[in-house]
Each structure stands twice: as C-alpha cells, then as structure tokens.
Asks: 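Right, I'll just put the structure down here and ask away after.
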Amino acid sequence: EDKVVQSPLSLVVHEGDTVTLNCSYEVTNFRSLLWYKQEKKAPTFLFMLTSSGIEKKSGRLSSILDKKELSSILNITATQTGDSAIYLCAVIMEYGNKLVFGAGTILRVKS
Amino acid sequence: NAGVTQTPKFQVLKTGQSMTLQCAQDMNHNSMYWYRQDPGMGLRLIYYSASEGTTDKGEVPNGYNVSRLNKREFSLRLESAAPSQTSVYFCASSEAQGQGLAYEQYFGPGTRLTVT
C-alpha cells in the first residue's frame, strides 16, 4: 500500500525560529514529491521535487528530496505568524494520475 | 482568472438525502480530482478524471458517484448521505499526469458538508 508519513504532526514555535518538517514515503514507482501550504481554505502549491539533492528555494522556504532515504524536508527560516498553517506533503507515482497525501503537519507560530 | 471554483461553500444534509457538489476550472486542464479532508487524515482521493470522458475510483469511492460533464466541469454526487460523509470536500485540477510527466494540482476553496 502506498504511504506518505509526515512528522511532526504538530508543532508550536516562536517568531524568528527555524523549523524543519519531514516527509517520508513508501510508494511504488515514485515520480515526484510536492509540498503544499494550507491556511484556512484550499492548499496552495509550494514546491515540486523530482531529483535528489537539488534544493528548491522560495524566500524563507526551502525543500530538498533524498531518494535514497525516501524522504524530503521542508525548512522555514525566520518564521513569522503568517507561516502558521498545515503543511501537506504528497507523492505522484510514475504511472497514473493520483497524488497520495500525508496527514499534514500543523505549524503554529506565536508572536 | 477564477482557477478552480466549487459550489456550494457549505451544506447541511439529513441522513439519506442526496446532493451534487459542483466543480469547474478555467485553466484548460485535462485532469480533475475530488478529495475529502478529515482531521488527522490529510486529503484522500475519492474519484478522479484523467481526461474528458474518463473517470476512475480513488482511495475512498464508496457512497459517491462522479460525472465529467465536459473538460471544465467535474461533479460529485452523494446519492444517500451518511454521517460518515461529513467532511470538507476539495476539487482539484492539473495538466495530464503519467508517462513521465508530473504537474502540481490546483485546488478549489472547498465545500464543508455536514450530515446529521
């Protein structure tokens, strides 16, 4: 059974802290891994990672994929209250059209 | 550019009632998806449509039916609602996947459904 596991399930940090969110997967025929941020409504796309070891960066957020370890991390530096959200990890398989999502990490940034 | 739109935003049903959730996208995407999101369980795929004219079951299809009306629209029907179907429902769309291609999915704002 294809599985995506995120950790931690939730965490609370203070503004300015750096956080690392983890995503591990066990799927057949891995193609790509995606990160989404979900605030009050729809998930919004952050990154797509297909190749191992290549960091993707957007402002204070960055992510990297390790295909040997079957995992990815999402880093957020200098956190702000606006970073409070659920962060979702999802995997696309090589064949077919489906995404398999992890349960998400709930991040709360306190001022 | 509206992206992915869903109606209604909220709905309350009694057990046994039926309803259809509507979804439309204006990005000319080939693939469309219906998910449900429950606390602690992430997003689970109910049904998807890889292209106009095709539909396939996802992880949790029981109790639901879908129709890909045309390239833009993909509806989800609950024939006889049950309390276990209380959830937030998201529609999404993407370029065609598969055969070495992978594209991100764009999500609608969601429908919060309560079945009493």
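Keep in mind that what you see is a predicted model, and the values were worked out from it rather than measured. A note on names: the letters A, B, ... follow the listed sequences, proteins ahead of strands, and every chain is numbered from 1.
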Asks: Under 4.5 Å between any side-chain heavy atoms of B:Leu45 and A:Phe101, yes or no?
Replies: no
Asks: What's the separation between atom CE in A:Met48 and atom CD in B:Gln105, rounded to the nearest 0.5 Å?
Replies: 9.0 Å
Asks: Are A:Leu99 and A:Ile86 connected, step by step, through hydrophobic side chains (Ile, Leu, Val, Met, Phe, Trp, Tyr) whose heavy atoms are closer than 4.5 Å?
Replies: yes
Asks: Quick one: pull up OG in B:Ser94 and CG in A:Leu34 and give me the separation to the nearest 0.5 Å.
Replies: 10.0 Å
Asks: Can you say whether A:Gln38 sits under 4.5 Å from chain B via the side chain, the backbone, both, or neither, judging by heavy atoms?
Replies: side chain
Asks: How long is the gap from CZ on B:Arg112 to NZ on A:Lys41, to the nearest 0.5 Å?
Replies: 10.5 Å
Asks: Tell me whether the count of non-hydrogen atoms from other residues, nucleotides or ligands lying under 6.0 Å of CG in B:Leu69 goes above 12.
Replies: yes
Asks: Select one option (side chain, backbone, both, neither) describing which atoms of B:Gln37 are under 4.5 Å from chain A's heavy atoms.
Replies: side chain
Asks: In Å, rounded to the nearest 0.5 Å, how long is the span from CZ of B:Phe107 to CG of A:Leu88?
Replies: 8.0 Å
Asks: Locate the shortest heavy-atom distance separating B:Gly108 from A:Ala42; write the atom from each residue and the value.
Replies: O-CB, 2.8 Å
Asks: Under the criterion side-chain contact (heavy atoms from CB on, under 4.5 Å), I'd like the reasoning laid out for A:Tyr36 against B:Leu43: C-alpha separation, chi angles, the key distance, then a yes or no.
Replies: CA-CA 11 Å; A:Tyr36 285 86; B:Leu43 285 152; over 6 Å; no
Asks: Let me check something: do A:Trp35 and A:Ile73 share a hydrophobic cluster, defined by ILVMFWY side-chain heavy atoms less than 4.5 Å apart, either directly or through other members?
Replies: no
Asks: Give, for atom OG1 of A:Thr44 and atom CD of B:Glu104, the distance between the pair rounded to the nearest 0.5 Å.
Replies: 11.5 Å
Asks: If two hydrophobic side chains count as joined below 4.5 Å and joins carry through other members, does A:Leu21 share a cluster with A:Ile64?
Replies: no
Asks: Is there a continuous path of hydrophobic side-chain contacts, each under 4.5 Å between heavy atoms, that joins B:Phe90 to B:Val66?
Replies: no
Asks: Inspect the surroundings of CD in A:Glu55 and state if more than 12 heavy atoms from other residues, nucleotides or ligands are less than 6.0 Å away.
Replies: yes
Asks: Any chance NZ of A:Lys3 has more than 12 other-residue heavy atoms, nucleotides or ligands included, within less than 6.0 Å?
Replies: no
